[in-house]
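Data block below; observations after.
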Amino acid sequence: MSTTESEMAGNGPMIDVKNAAKRYGTVEVLRGINLQVRKGEIVAVIGPSGSGKSTFLRAINNLDPLSSGEVWLEDVQVNKPLTSYQYERHINRVRQDIGMVFQHFNLFPHLSVRQNITLAPRMLKRLSKQEADGLAEQQLRRVGLIDRIDFMPSQLSGGQKQRVAIARALAMQPKVMLFDEATSALDPELVEEVNFVMRQLAESHMTMIIVTHEMGFAQDVCDRVLFMDGGMVVEEGSPDVIFRNPSQERTRSFLRKHLKGRN
Amino acid sequence: MGLDFGVVPGYLGALSVGAGWTVVITVLAGAFSIVAGVLFAVGGLYGHPLIRYPVKAFVWLFRGTPLLLQLFLIYFGLVEIGIDLNAFVAGVIGLGLHFAAYNADIIQAGIVAVDRGQTEAGRTLGLSRYQTVSRIVVPQAVRDVVPALGNNMIALLKDSALVSVIGVAELTLSAQLAISKTFRPFEFYFAAAVFYYVINLCLEAALSRIERRMEAAR
């Protein structure tokens, strides 16, 4: 990202990851990744499995803490070194601003759709039942599932579950949304409804970081694509450049394998 | 001399009162054992070491020693250190703690089995460790182990007969009182057995209703 772009956004980046590294014992999962994401920007992270892209995403809200490096959300350092008591308060505050959607939805099966969405706003933002219900209805309309508000998660299809999970994350009114292979666990015919919701979200200028295997979606929706392999960003650029004219052989070979059988 | 069940109807009232106390003790001790079981399970898994190890020791101790001994200890033993509980309270506490130890083990297994993604989803929304455990993990864990907890409640109902030895006038003691007046042990023990069996049927019916409701929330 150039300085002029960052100035045009009015201030610094929404997300700023500096030299992110992570080791499990002697295995280096992330080897010094830098990423700046502007407000409203949509970044796709692609790469073979085991490339570290999910670990990287999960480091952004400190679900998988880095071994070294810094993650900033605007002017707050997410992985600030603190005593465990202070850290707990700090991270719970920061995570309210970072929505996350998981591959396996992770809806709370013992709670209704409504309760899934209202639980966190009620507990953390002290909303009244009416306010929280209003919020749930608003978010469910957004994902087209208002008629499922009193269903249990077990009564929903995979695509519907994921849309509820998106609504649940949005109900906290986050500044950024992280998507960790949000459509990978879905039957092919259910992928499009989730993509549709994510497209809408993109059009509403939500800042998004999307780990995905769907090259078509990344190409259509994202402003920028990161190709990761072996814990590093091998190549990064606009979708046009990455998908049509990548400079790195590793990118080309990955895309050849991944685009084969499509189009 | 043959059996004569004709003496039983005259004592049905007394036996019913005893059965009523058995139900009361079972419900109170059962509720206590589940609440305490959840607390022991959570304390044993997530607690500060100063909580975790005493809880583990306590659970181990209460599973490793006889219930009868525990009742004697609570009812007769605690008096020596100035804690004078009446028999009913001592019985409920003894039964409750004993089964809490068993419930704690079951609930711990249930907690460990809850998918890690549930905790991650809770923490990602900004819920604290405690909020995530209490609102997301424990309810699911308890739901998943309802059948096993139900078995413990049935065992608790039957073991509640033991509190008769510290003088709680429940079903077994009522039968013994009737026997002491009529010298008809077979008839009254048998009648008491029928009472226990009927209470058990009701308990099982209630448990299977709860299980069905829990199943619907999966």
Side-chain angles (χ1 to χ4, degrees), chain A residues 54 57-58 60-65 84-85 87-112 115-125 151-155 161 164-165 167-174 176-180 185, chain B residues 34-35 37-38 41-43 45-52 106-150 209-218:
Chain A
S54 279
L57 192 75
R58 290 160 57 89
I60 291 173
N61 64 3
N62 221 27
L63 216 49
D64 273 344
S84 70
Y85 175 74
Y87 166 77
E88 173 80 12
R89 293 182 50 145
H90 162 75
I91 198 68
N92 294 337
R93 181 70 210 80
V94 175
R95 282 181 178 151
Q96 294 185 32
D97 291 331
I98 308 177
M100 187 164 197
V101 175
F102 300 88
Q103 184 177 0
H104 296 289
F105 331 128
N106 297 347
L107 290 184
F108 307 131
H110 62 304
L111 300 177
S112 69
Q115 292 166 324
N116 262 276
I117 298 172
T118 57
L119 178 71
R122 288 196 65 185
M123 293 189 80
L124 301 173
K125 300 198 165 167
F151 280 46
M152 297 304 285
S154 58
Q155 297 170 294
K161 282 182 192 167
V164 171
R168 177 175 71 180
L170 290 175
M172 289 303 287
Q173 283 151 341
V176 186
M177 286 284 283
L178 310 178
F179 291 85
D180 190 3
Chain B
I34 288 172
V35 173
V38 168
V42 171
L45 278 177
Y46 303 103
H48 186 277
L50 284 176
I51 295 172
R52 193 159 72 231
I106 291 171
I107 293 165
Q108 260 188 14
I111 287 174
V112 172
V114 171
D115 185 62
R116 213 166 65 100
Q118 292 292 309
T119 305
E120 290 183 352
R123 296 308 309 271
T124 297
L125 288 165
L127 298 177
S128 69
R129 241 163 84 94
Y130 172 75
Q131 288 168 329
T132 305
V133 168
S134 66
R135 301 300 291 268
I136 296 168
V137 178
V138 166
Q140 290 182 55
V142 171
R143 179 201 65 184
D144 292 345
V145 299
V146 160
L149 291 179
R209 274 186 70 133
I210 293 171
E211 274 177 47
R212 273 203 304 277
R213 284 188 49 179
M214 295 289 173
E215 203 57 49
R218 253 164 221 278

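In this text, all values refer to a predicted model and were calculated from it rather than measured experimentally. Proteins come first, then strands; the chains are lettered A, B, ... in the order of their sequence lines, and each starts at number 1.
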### Query
If you count heavy-atom pairs under 4.5 Å between each of Leu63(A), Asn62(A), Asn61(A), Ile91(A) and chain B, which one has the most?
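Among Leu63(A), Asn62(A), Asn61(A), Ile91(A), the one with the most close pairs to chain B is Leu63(A).
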
Name the region of [X], side chain, backbone, both or neither, that has any atom closer than 4.5 Å to a heavy atom of chain B.
X         : value
Met172(A) : side chain
Phe102(A) : side chain
Arg58(A)  : side chain
Ile98(A)  : backbone
Leu107(A) : backbone

### Check: Gln108(B) side chain, Val42(B) main-chain N or O, donor-acceptor pair, under 3.5 Å
no

### Query
Heavy atoms, side chains only, cut-off 4.5 Å: are Val101(A) and Asp180(A) in contact?
no

### Message
What I'd like to find out is whether the side chain of Pro121(A) reaches to under 4.5 Å of the side chain of Gln173(A), using heavy atoms alone.
### Response
no

### Query
For Arg52(B), does the CZ atom have more than 12 heavy-atom neighbours from other residues, nucleotides or ligands under 6.0 Å away?
yes

### For Glu120(B), the option from Arg116(B), Gln118(B), Arg123(B) that meets side-chain hydrogen bond (donor to acceptor under 3.5 Å, both in side chains)
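With Glu120(B) as partner, Arg116(B), Gln118(B), Arg123(B) yield a single side-chain hydrogen bond (donor to acceptor under 3.5 Å, both in side chains), made by Arg116(B).
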
